[in-house]
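Structure record follows, encoded as structure tokens.
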Amino acid sequence: MSKHKIHYEWSDYESDMNSIDWLKFSHVIGIYRGSLPMATHISNVRDVPMSIIGFQTRDGSDKKPYWIYNAMDWNDFKEETTILIVDDIYDTGNTINKVKKLIENSSPYNCSKFDVQPNLLTYCLFGKDAPDGTNLVYSNLHQEGDWVEFPWER
């Protein structure tokens, strides 16, 4: 098990953001707190609406995810709708899987007017292959035990 600190710099972030230009989506969701800088940046640069879900498993007291701000325009929902969920680190999959369940179980999805769920795509700055089948894209391999210090944390 690796136990070293990774100093992630603004130049790394800029490179990683440029590397995901090929992703196609119509909405971005940030998970409070770690991914809000990313979600805000992506929302502004890609000109897509942003929603915020609260859930802090590592250093927070949140036991389950909840909507802080939901900017989804359910009236524009279509079968091909893709929602990008962003997070800083994908490690165990616990956070992403619980956030996905919240989105899938939101009341608009339970309405009979929706025949399909949207495509949920996940992007993390640091991640590893998801054994649970999560549709995950990541820019940097995350080793168990690594501590990443992001520039917006300094």
Side-chain angles (χ1 to χ4, degrees), residues 8 10 13-14 16-140 142 144 146-154:
Y8 187 75
W10 284 114
Y13 174 78
E14 184 177 359
D16 288 343
M17 288 295 99
N18 288 334
S19 75
I20 63 167
D21 282 346
W22 59 274
L23 293 177
K24 305 292 182 215
F25 52 91
S26 57
H27 196 93
V28 63
I29 295 178
I31 303 169
Y32 176 81
R33 292 180 334 200
S35 68
L36 288 187
M38 249 172 42
T40 302
H41 177 217
I42 290 170
S43 173
N44 286 327
V45 170
R46 299 292 282 274
D47 194 26
V48 297
M50 179 181 109
S51 294
I52 302 169
I53 291 178
F55 191 36
Q56 296 182 58
T57 57
R58 182 180 51 83
D59 61 356
S61 60
D62 300 334
K63 300 298 180 206
K64 59 184 179 177
Y66 58 95
W67 289 104
I68 291 177
Y69 178 70
N70 186 351
M72 298 279 196
D73 187 353
W74 301 113
N75 294 321
D76 287 340
F77 180 83
K78 296 175 180 49
E79 184 174 344
E80 65 275 2
T81 298
T82 297
I83 298 168
L84 179 67
I85 304 166
V86 296
D87 203 4
D88 47 4
I89 299 173
Y90 177 95
D91 192 22
T92 65
N94 181 48
T95 299
I96 295 300
N97 287 323
K98 288 185 177 180
V99 163
K100 284 171 56 178
K101 276 193 192 298
L102 172 70
I103 296 166
E104 291 166 352
N105 293 327
S106 293
S107 59
Y109 289 103
N110 293 326
C111 294
S112 59
K113 83 178 216 178
F114 300 120
D115 295 329
V116 296
Q117 296 286 340
N119 180 30
L120 298 178
L121 176 63
T122 305
Y123 170 71
C124 296
L125 292 172
F126 287 82
K128 54 188 172 186
D129 292 338
D132 59 5
T134 296
N135 192 357
L136 176 67
V137 176
Y138 60 88
S139 291
N140 303 279
H142 182 252
E144 187 176 344
D146 283 352
W147 182 263
V148 182
E149 182 183 61
F150 294 97
W152 48 83
E153 295 176 328
R154 298 191 281 273

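Computed from a prediction, not measured in an experiment: that's the story for all the values here.
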Exercise for review: Spell out, as yes or no, whether a donor-acceptor pair under 3.5 Å connects the side chain of Asn135 to the backbone of Leu121.
Suggested key: no

Review point. Is the number of heavy atoms from other residues, nucleotides or ligands within 6.0 Å of CG (Asp47) greater than 12?
Key: no

Separation between [atom1] of [X] and [atom2] of [Y], rounded to the nearest 0.5 Å:
{"X": "Ile20", "Y": "Tyr123", "atom1": "CD1", "atom2": "OH", "value": "5.0 Å"}
{"X": "Ile29", "Y": "Lys100", "atom1": "CD1", "atom2": "NZ", "value": "12.0 Å"}
{"X": "Ile85", "Y": "Tyr90", "atom1": "CD1", "atom2": "OH", "value": "11.5 Å"}
{"X": "Glu153", "Y": "Asp88", "atom1": "CD", "atom2": "CG", "value": "7.0 Å"}
{"X": "Arg46", "Y": "His41", "atom1": "CZ", "atom2": "NE2", "value": "10.5 Å"}
{"X": "Met38", "Y": "Leu84", "atom1": "CE", "atom2": "CG", "value": "7.5 Å"}

For [X], side chain to side chain contact (heavy atoms under 4.5 Å, CB included) partners two or more places apart:
{"X": "Asn44", "value": "Thr40"}
{"X": "Trp10", "value": "Tyr13, Pro151, Trp152"}
{"X": "Ser43", "value": "Val28, Met50"}
{"X": "Asp87", "value": "Ile31, Ser35, Thr95, Ile96, Cys124"}

Revision key, fill the gap. Sequence neighbours excluded, the answer for ring pair (Phe, Tyr, Trp, His ring centres under 6.0 Å) partners of His142 is none

Check your understanding: Does Tyr8 have any ring pair (Phe, Tyr, Trp, His ring centres under 6.0 Å) partners at least two apart in sequence or in another chain, and if so, which?
Key -> Phe126, Phe150

[X]: which residues meet the side-chain hydrogen bond (donor to acceptor under 3.5 Å, both in side chains) condition with it, sequence neighbours left out?
{"X": "Asp129", "result": "Tyr138"}
{"X": "Glu149", "result": "His7, Arg154"}
{"X": "Ser26", "result": "none"}

Exercise for review: Mind listing the closest non-hydrogen atom pair of Asn94 and Phe55 along with its distance?
Suggested key: O-CE2, 4.4 Å

Practice item. Report yes if some heavy atom in the side chain of Trp67 is under 4.5 Å from a heavy atom in the side chain of Ile103; otherwise report no. Key: yes

Check your understanding: Does any pair with a residue in residues 119-128 pass salt bridge (Lys or Arg N to Asp or Glu O under 4.0 Å), and if so which ones, sequence neighbours excluded?
Key -> Asp91-Lys128

